[in-house]
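Structure first, commentary second.
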Amino acid sequence: MAEITASMVKELRERTDAPMMDCKKALNEAGGDMAKAEEILRVKFGAKAAKSAGRVAAEGIVGIHITPDGKTGAIIEVNCETDFVAKNDDFKVLVTNLAEMVVTQNPADVAALSAMKIGDKTVEEVRTELVGKIGENMSIRRFVRVAAQGRLASYVHGGAKIGVLVDVTGDEALAKDIAMHIAASKPKALDASGVPQDLLEAERRVAAQKAAESGKPANIVEKMVEGAVQKYLKEVTLLSQPFVKDDKQTVEQLLKSQGAQVHGFTLYVVGEGIEKKVSDFAAEVAAAAKV
């Protein structure tokens, strides 16, 4: 059986807000599999255990560059070890330059971007020199380059910890509002067709286990599961979400009322999905003592 450490229990508690002992039991039952343990807790405690959405698990910033005509843009995430370095001017300049390079030079992937030149040095050489100067590792994690059908709008929040790039046909002010909504509500996709299949399957499994515990007939259980999945889709798809500035209408209703359309979006939350290095040994020992 996999060893269940205090840091694993602490991470699962942060993801789900479940009690420490329940987190430890779930991890033991799941053999140390964090995703499976989260599912177990969601069956037990319900939607509260989905608290992990958008949780920051590593440091760095998001950079965005859009051409003056709003037709081409890029969003990039570059990670570092501490928030102190994320605020460093040299680090921020590098991220800004990289976002612009993605737009102007259209690299195929991170390796191709790393091989491109900034002056007489490659991006990788610049990165390596900055690591040596600052004394902390940093890496280019991901980027997306977008050729807009409409016009691109962007929004960054929390010291560039959250970044949004959205393609909208419609009013410029509305486009900015939609970008801000995405940053706040963190949809998984534009509509139901874009929700990743693995997320749907996980949601269906959780709903099926909860419905089965109700003791109701199979046909009723089936309807309960489908209802839960449809509710989930409304919560995680942009067009179905209540608009943050007016929750009496959905984003789709808002767009229709103004003759606008969202063609797509990219949302980056710095460190999302990356396990943060535990550097506070005393805190880890204290957490272990509690379980």
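For reference, positions follow the sequence shown, starting with 1. Please read these numbers as outputs of a predicted model, since none were measured by experiment.
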Seminar exercise, completed: The side chain to side chain donor-acceptor pair (under 3.5 Å) partners of Ser139 (sequence neighbours excluded) come to none
Exercise. Near His157 NE2, under 6.0 Å, is it more than 12 heavy atoms from other residues, nucleotides or ligands?
Worked result: no
Exercise. Any sub-3.5 Å donor-acceptor pair from Glu39's side-chain atoms to Val206's backbone N or O?
Worked result: no
For this session: May I ask you to test the Leu233-Ser240 pair for a side-chain heavy-atom distance under 4.5 Å?
Result: no
Problem set entry | Electrostatic pair Glu235-Lys231, nearest N-O below 4.0 angstrom | yes
Exercise. At what distance, to the nearest 0.5 angstrom, does OG1 of Thr5 lie from NZ of Lys10?
Worked result: 11.0 Å
Seminar exercise, completed: Separation between CE (Met180) and OG (Ser154), nearest 0.5 Å, reads 11.5 Å
For this session: Considering non-hydrogen atoms only, spot the tightest contact between Thr237 and Ala192 and give its length.
Result: CG2-N, 3.6 Å
Exercise. Is there side-chain contact between Thr122 and Arg127, with heavy atoms separated by less than 4.5 Å?
Worked result: no
For this session: Check each of Glu136, Lys87, Glu59 against Thr82 using the side-chain hydrogen bond (donor to acceptor under 3.5 Å, both in side chains) test, and report the only one that passes.
Result: Glu136
Problem set entry | With sequence neighbours excluded, residues passing side chain to side chain contact (heavy atoms under 4.5 Å, CB included) with Pro68 | none
Problem set entry | Gln261 atom CD, over 12 foreign heavy atoms within 6.0 Å | yes
Seminar exercise, completed: Rounded to the nearest 0.5 angstrom, the CD-CG distance for Gln105 and Leu98 is 10.5 Å
For this session: To the nearest 0.5 Å, tell me how far Glu38 CD sits from Glu11 CD.
Result: 9.0 Å
Exercise. Below 4.5 Å, heavy atoms only, C-beta onward: do Asp83 and Lys161 meet side chain to side chain?
Worked result: yes
Exercise. Are Val168 and Ile182 connected in a single hydrophobic cluster, I mean Ile/Leu/Val/Met/Phe/Trp/Tyr linked by side-chain heavy atoms less than 4.5 Å apart?
Worked result: yes
Seminar exercise, completed: Closest heavy-atom pair, Leu239 versus Leu255, reported as atoms and distance to 0.1 Å, is CD2-CD1, 3.7 Å
For this session: Following the transitive rule for hydrophobic clusters with a side-chain heavy-atom cut-off under 4.5 Å over Ile, Leu, Val, Met, Phe, Trp and Tyr, establish whether Met20 and Met8 coincide in one cluster.
Result: yes
Problem set entry | Arg145 side-chain N/O to Val102 backbone N/O, donor-acceptor pair under 3.5 Å | yes
Problem set entry | Step-by-step side chain to side chain contact (heavy atoms under 4.5 Å, CB included) determination, Leu165 to Ile66 | CA-CA 9 Å; Leu165 189 63; Ile66 300 174; 3.7 Å; yes
Seminar exercise, completed: Closest non-hydrogen contact found for Met138 with Phe91 is SD-CD1, 3.8 Å
For this session: Report whether Ile75 and Leu152 are members of the same hydrophobic cluster (ILVMFWY, side-chain heavy atoms less than 4.5 Å apart, transitive linking).
Result: yes
For this session: Mark yes when over 12 heavy atoms from residues, nucleotides or ligands other than Lys92 sit less than 6.0 Å from its NZ; otherwise mark no.
Result: yes
Problem set entry | Pairwise side-chain contact, Leu267 with Ile162, heavy-atom cut-off 4.5 Å (strictly under) | yes
Problem set entry | Transitive ILVMFWY side-chain link Phe243 to Tyr155, under 4.5 Å | no
Seminar exercise, completed: Here the gap from Asp246 atom CG to Leu254 atom CG, rounded to the nearest 0.5 Å, amounts to 8.0 Å
Problem set entry | Reported CG-to-CD distance for the pair Asp171 and Gln258, which is rounded to 0.5 angstrom | 6.5 Å
Exercise. Does Val103 offer a backbone N or O that forms a donor-acceptor pair with the side chain of Thr72 under 3.5 Å?
Worked result: no
Exercise. Would you say the side-chain atoms of Asp167 pair up with the backbone N or O of His263, donor to acceptor, closer than 3.5 Å?
Worked result: no
Exercise. What's the verdict on side chain to side chain contact (heavy atoms under 4.5 Å, CB included) for Ile118 and Leu94, showing C-alpha distance, side-chain angles and the deciding distance?
Worked result: CA-CA 10 Å; Ile118 297 178; Leu94 174 61; 4.1 Å; yes
Problem set entry | Under 3.5 Å: donor-acceptor pair, side chain of Arg151, backbone of Asp69 | yes
Exercise. Looking only at heavy atoms, what is the nearest atom pair of Tyr232 and Leu199, with distance?
Worked result: OH-CB, 3.6 Å
For this session: State, to 0.1 Å, how close Gly150 and Thr169 come at their nearest heavy-atom pair, and which atoms those are.
Result: CA-OG1, 3.4 Å
Exercise. Going only through I, L, V, M, F, W and Y residues with side-chain contacts under 4.5 Å, is there a path from Val144 to Val110?
Worked result: no
Exercise. How about Met101 and Leu113: do any of their side-chain heavy atoms sit closer than 4.5 Å?
Worked result: yes
Problem set entry | Minimal non-hydrogen separation, Val166 against Ile178, with atom names | CG2-CG2, 4.2 Å
Seminar exercise, completed: Sequence neighbours excluded, the answer for side chain to side chain contact (heavy atoms under 4.5 Å, CB included) partners of Arg204 is Val225, Glu226, Val229
For this session: Evaluate the side-chain proximity of Leu238 to His181: yes if any heavy-atom separation is below 4.5 Å, no if none is.
Result: yes
Problem set entry | Residues, nucleotides or ligands: over 12 heavy atoms within 6.0 Å of Glu201 CD | yes
